[in-house]
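Written out below as structure tokens is the structure these notes cover.
Everything numeric here is computed off the predicted structure, so don't read it as measured data.
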Amino acid sequence: MSEIEIKCVECGTQTKEAKDITLTTTIDGREIVITNLSGSRCPVCGEEYLDANSSEISLEIANKFRKPAIVFKRRVTVSGGRRVIGIPEEIDRALGKKENVDLWLEGDKIVAEVY
């Protein structure tokens, strides 16, 4: 962190550099915990302030957990004994017909990262 002096808005005490800040927030009803952030912390009341880089990282991570504005509903069908979900043409076009995908579970959701 730079030598910028930051006073706590809660108690007015000079804050000290911190590299172990944990941010907990709720996005669309899901609790998100982001660790290993940096900024400053008040040694008296514990109030924490993220630096610019950690703020940007936090926003990027948080935006990944926001629900999309458009949701396509699809039926899960069976083909060759396997369950299959069709990708809507609008999404396929937007992705540029990429052929590789990583899939994982987040609670009861299937998440796909196409590359």
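Taking 4.5 Å as the limit, some side-chain heavy atom of Thr13 sits within range of a side-chain heavy atom of Pro43.
Note that CG of Leu37 is 7.0 Å distant from CD1 of Ile61, once rounded to the nearest 0.5 Å. Expressed to the nearest 0.5 Å, how far CD1 of Ile32 lies from CZ of Phe65 amounts to 4.0 Å. Separation of atoms CD1 (Ile6) and OH (Tyr49) is listed at 8.5 Å; rounding is to 0.5 Å.
Among residues two or more places apart in sequence or in another chain, the side chain to side chain donor-acceptor pair (under 3.5 Å) test is passed with Asn63 by Arg66. For Thr22, the side-chain contact (heavy atoms from CB on, under 4.5 Å) criterion is met by Thr24, Val33, Thr35, not counting sequence neighbours.
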May I have the list of side-chain donor-acceptor pairs in residues 52-59 shorter than 3.5 Å, sequence neighbours left out?
unit_1	atom_1	unit_2	atom_2	d
Ser54	OG	Ser38	N	2.8
Ser54	OG	Ser38	O	3.2
Ser54	OG	Ser38	OG	3.2
Ser54	OG	Asp51	OD1	3.2
Ser55	OG	Asp51	O	3.0
Ser58	OG	Ser54	O	2.8

Using distance only, find each side-chain donor-acceptor pair of residues 104-115 under 3.5 Å and give its atom names and separation, not counting sequence neighbours.
unit_1	atom_1	unit_2	atom_2	d
Trp104	NE1	Glu106	OE2	2.9
Glu106	OE1	Arg30	NH2	3.1
Tyr115	OH	Asp102	OD1	3.3

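Minimum interatomic distance between Cys45 and Cys42 (heavy atoms only, all atoms of both residues): N-SG, 3.4 Å. Closest non-hydrogen pair, Gly39 versus Ile21, comes out as N-CD1, 3.8 Å.
Linking ILVMFWY side-chain heavy atoms closer than 4.5 Å, directly or via other members, places Leu95 and Val84 in two distinct hydrophobic clusters.
Applying the salt bridge (Lys or Arg N to Asp or Glu O under 4.0 Å) rule to pairs touching residues 80-92 yields Glu89-Arg93, Glu89-Lys97, Asp92-Lys97, sequence neighbours excluded. Listed by first and then second residue, the salt bridge (Lys or Arg N to Asp or Glu O under 4.0 Å) pairs that reach into residues 37-49 are Asp20-Arg41, Arg41-Glu48, sequence neighbours excluded.
Side-chain atoms of Glu31 never come within 3.5 Å of backbone atoms of Thr25 as a donor-acceptor pair (strictly under, hydrogens ignored).
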